[in-house]
Each structure stands twice: as structure tokens, then as C-alpha cells.
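Below is one structure; the comments refer to it alone.
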Amino acid sequence: MIDDLRAELARTDLPPVTEQKLRKLLAVLEKDSQARLESLAMVDPGPHAVVSFGDVEAADLVIFLLHGIDTDLAHFPEWADAAQRLCIDVIRSCVARGEPRNVAVIAWFAWDSGTHVSALATKHATVGAARLAVDIDRLERRNPRARIALATYSYSSTLLGELFAMNIGEDVHTAFSIASAGVTHAAGVALAEAVARGDLVLYATEGANDSIAPLGRLGQHPVDPRDIPGAIVYECDGGEAPAIGGGFTVGIAVEGHASQTTTDEHGRHIGYYDEHAQGYLTMVARLADAAIGAPAH
């Protein structure tokens, strides 16, 4: 598959913006020998790619990591870093408990997440959910024993809702809704029913000073996943959190709505996927729960 990427980069008619995105993707793949390009699609408005970290075929748990709006392969390096770290941290958490497991994380950049305007509707989330269901089905044919978890952030949590509203999320065992843009009423009911049946473990969190996530719930998907019956709400505003090596530690609070930690002239701003964030550490521990609960390969 990486040869297909190199072939695209060898073209002389690539728009400069597209070439830049593909080169960032290639740089990630060349930097990590265990990274695998699962798929590449040259589509409009920009290329899509799916990259796995870890051995998908041998994994006891496969985690799909999904981004929010205004995000494409131009942002892939920072999301790849988060995917690699998440994979390593969940494995470390399992080992620390004396229950080693194989874990893989898939950075899923196979959808057009739209903009802050289109995010008020469900179109992009619905199309994305249908595409994700196809990839999950393909994954299950390769590794039918793996448990599947989704880590969704912002508008991709709307995608999570659509997956269940369309009754195509039955293979997802564990899901995280982080700083959600909201789900539809139908999706909220479908998620609640899946939780009640014991088919899904749903976790949800949002920072107290996140002023962006609630704006997404002003559109066609007004339900906050934290309000869904059976959802397990966890904190991300700083405080006690599971330590990856065992025991407990003090996790730091997220600031605003960013997924990744950034630094500017005003200082450092903690994102939801910061390795020291309370919510991130809690998610790692709960993903380790899911991995340990899966039959070891």
C-alpha cells in the first residue's frame, strides 16, 4: 500500500496542497516501521488515509481514533503521535496489571468531517459512519476475535451516534465520546438501548471550560452523550486519575476544546489527548479494561 502512496507522490500533476498532505503521511509511515497504511483514497476535497499502529491481526483490542471537524491529512502527524502513544499506554497499563494484551490503534482519516457550518447537520457524520462500518467489517474478517473500541472527539462523536442510529454499530464493544458535538435523539435512544442490552460500554467526558462543544449541540444533534442513560461520565478538569504504571496519580485539566496540546505566546494549552490529562489517563485505564476483558490471542 505504501507503494501506492509513493506512486501518487511521483505524479507531476498533484496540487501542491495535496502533495504536502501526502508527504506528511509518508513521513509518519517511514518514521515508524510498525505503522501500516491500511488504505489510501484520492478523493475530493482531499486524500483520505487509514493507518494502523500495532499488529491488527494479532490484537486483542483494536481502537479506532477519530478526529473532529476541519481536520485532514495536513494534521495527521499530531494525530499519529496520539495514536502511537495511546497504543503504547494501553499496552503498558495491561502489563502493569499482570495481564499483557496485544493492542492496535487505527488513526482513521477516511472521512470528510466538514466545517463548523456543516457540523450543525448530520450529513458528514452519517456518511462517515457508513464508511467506518465498512472498515470495521473488513477488520473483523481479518481478526474476528478482537474487541473493537472507538475513541471519538467532537464531531466524530456525532458519527458514533449515527453508527448506532443506523443499526450498523453492533460490532463496537466500547466507545468514548470526548467533547461531543452531540448526537441526534434517535442516536441517543439507540446508544442507550445498546448500553442496556450490555452490547456497548459508553464513556463520555467534556471539560468545564470547553465553550466549543456545546455549540455543536445547537444544531440537528442536540443530545449530550453524558445525558444518555447508562453512559459512564468521567472527569477531565484535573484530579485523581489511574496511573499507567499502576495506582493513581493527579491528572491535569484540559483547557478549551483542542484535541492536542498546543503552545503559543500565551503559554501551553492542554488538549484532551495530552499524556498527563486526567481524562486521557482515565481513558487509557478503561481501554485496558476492555483489552483485558477480551480473550487473549
Side-chain angles (χ1 to χ4, degrees), residues 1-6 21-41 47-68 71-96 100-111 131-132 134-136 138-143 145-153 156 171-176 178 244 259-261 271-275 277 280-281 283-292 294 296-297:
M1 186 62 72
I2 196 170
D3 289 338
D4 295 337
L5 172 56
R6 291 193 174 103
K21 293 174 182 178
L22 293 181
R23 291 202 179 280
K24 287 188 175 184
L25 174 62
L26 181 61
V28 169
L29 293 167
E30 290 181 335
K31 182 179 178 181
D32 184 348
S33 60
Q34 291 190 324
R36 175 177 174 179
L37 181 60
E38 300 284 347
S39 67
L40 175 67
H48 291 166
V50 176
V51 176
S52 62
F53 301 91
D55 189 342
V56 170
E57 279 78 11
D60 302 300
L61 176 71
V62 178
I63 306 160
F64 284 83
L65 186 64
L66 276 65
H67 61 76
T71 303
D72 56 24
L73 289 179
H75 307 90
F76 190 73
E78 55 262 40
W79 279 90
D81 285 347
Q84 290 167 309
R85 177 165 30 84
L86 184 62
C87 186
I88 292 169
D89 286 346
V90 175
I91 291 172
R92 286 175 57 205
S93 184
C94 292
V95 170
R101 290 292 188 274
N102 294 317
V103 177
V105 176
I106 294 176
W108 198 73
F109 274 60
W111 68 306
R131 290 176 177 168
L132 179 58
V134 171
D135 278 5
I136 290 175
R138 288 172 177 165
L139 168 65
E140 288 209 310
R141 290 198 292 270
R142 293 165 61 189
N143 184 354
R145 294 181 59 193
R147 282 192 173 182
I148 295 172
L150 301 185
T152 68
Y153 158 76
S156 61
D171 297 319
V172 177
H173 174 272
T174 304
F176 291 80
I178 301 168
I244 291 171
S259 59
Q260 318 299 328
T261 294
Y272 284 98
Y273 282 94
D274 188 284
E275 61 185 318
Y280 173 79
L281 292 169
M283 179 172 65
V284 167
R286 300 292 77 83
L287 285 168
D289 291 344
I292 291 170
H297 278 48

Original post:
Who passes side chain to side chain donor-acceptor pair (under 3.5 Å) against Ser93, sequence neighbours left out?
Top reply: none
Original post:
Under a 4.5 Å cut-off applied to non-hydrogen side-chain atoms, are Glu275 and Ile244 in contact?
Top reply: no
Original post:
Considering all heavy atoms of both residues, which atom of Ala290 and which atom of Thr174 are nearest to each other, and what is their separation?
Top reply: CB-OG1, 3.7 Å
Original post:
If you round to the nearest 0.5 Å, how far is CG of Leu29 from CD1 of Ile2?
Top reply: 4.5 Å
Original post:
Is a side-chain donor or acceptor of Ser156 paired with a backbone partner of Gly68 at a separation under 3.5 angstrom?
Top reply: no
Original post:
Is there a donor-acceptor pair under 3.5 Å between the side chain of Asp274 and the backbone N or O of Thr261?
Top reply: no
Donor-acceptor list for residues 74-86 side chains, cut-off 3.5 Å, not counting sequence neighbours:
from	atom 1	to	atom 2	distance (Å)
His75	ND1	Asp72	N	3.3
Gln84	NE2	Asp32	OD2	2.8
Arg85	NH1	Tyr273	O	2.7
Arg85	NH2	Tyr273	O	3.1

Original post:
With sequence neighbours left out, what residues match Arg92 under salt bridge (charged side-chain N to carboxylate O under 4.0 Å, His left out)?
Top reply: Asp89
Subject >> For Val51 against Ala35, the heavy-atom pair lying closest together >> reply: CG1-CB, 4.2 Å
Original post:
Rounded to the nearest 0.5 Å, how far apart are NE2 of His67 and OG1 of Thr152?
Top reply: 12.0 Å
Original post:
Can you name the nearest heavy-atom pair linking Val56 to Asn143, along with the distance?
Top reply: O-ND2, 2.8 Å
Original post:
Measuring from Arg6:CZ to Leu26:CG, what's the distance to the nearest 0.5 Å?
Top reply: 5.5 Å
Original post:
Can you find a pair of side-chain heavy atoms, one from Asp4 and one from Leu37, that are under 4.5 Å apart?
Top reply: no
Subject >> Nearest-0.5 Å distance that lies between atom CG in Leu25 and atom CG in Leu40 >> reply: 7.0 Å
**OP:** Would you confirm whether Arg101, through its side chain, and Ile292, through its main-chain N or O, come within 3.5 Å as a donor-acceptor pair?
**Re:** yes
**OP:** Please identify each residue that fulfils salt bridge (charged side-chain N to carboxylate O under 4.0 Å, His left out) with Asp135, with sequence neighbours left out.
**Re:** Arg138
Original post:
Side chain of Asn102, backbone of Ala59: donor and acceptor closer than 3.5 Å?
Top reply: no
**OP:** Please list, chain by chain and in numerical order, all residues satisfying side chain to side chain contact (heavy atoms under 4.5 Å, CB included) with Arg23, sequence neighbours excluded.
**Re:** Leu9, Glu19
Subject >> Separation of Phe64 CZ from Leu139 CG (nearest 0.5 Å) >> reply: 5.0 Å
Subject >> Positive for side-chain contact (heavy atoms from CB on, under 4.5 Å) with Phe53, one of Ile106, Leu65, Val28, Ile63 >> reply: Val28
Original post:
Which pair of heavy atoms, one from Lys21 and one from Pro47, lies closest together, and at what distance?
Top reply: CD-CD, 4.3 Å
Original post:
Looking only at heavy atoms, which two atoms of Leu61 and Leu287 are closest? And how far apart?
Top reply: CD2-O, 3.4 Å
Subject >> Glu140 side, atom CD; Ile148 side, atom CD1 - distance, nearest 0.5 Å >> reply: 4.0 Å
Original post:
Who pairs with Arg131 by side chain to side chain contact (heavy atoms under 4.5 Å, CB included), at least two apart in sequence or on another chain?
Top reply: His48, Trp108, Val127
**OP:** Mark yes when over 12 heavy atoms from residues, nucleotides or ligands other than Gln34 sit less than 6.0 Å from its CD; otherwise mark no.
**Re:** no
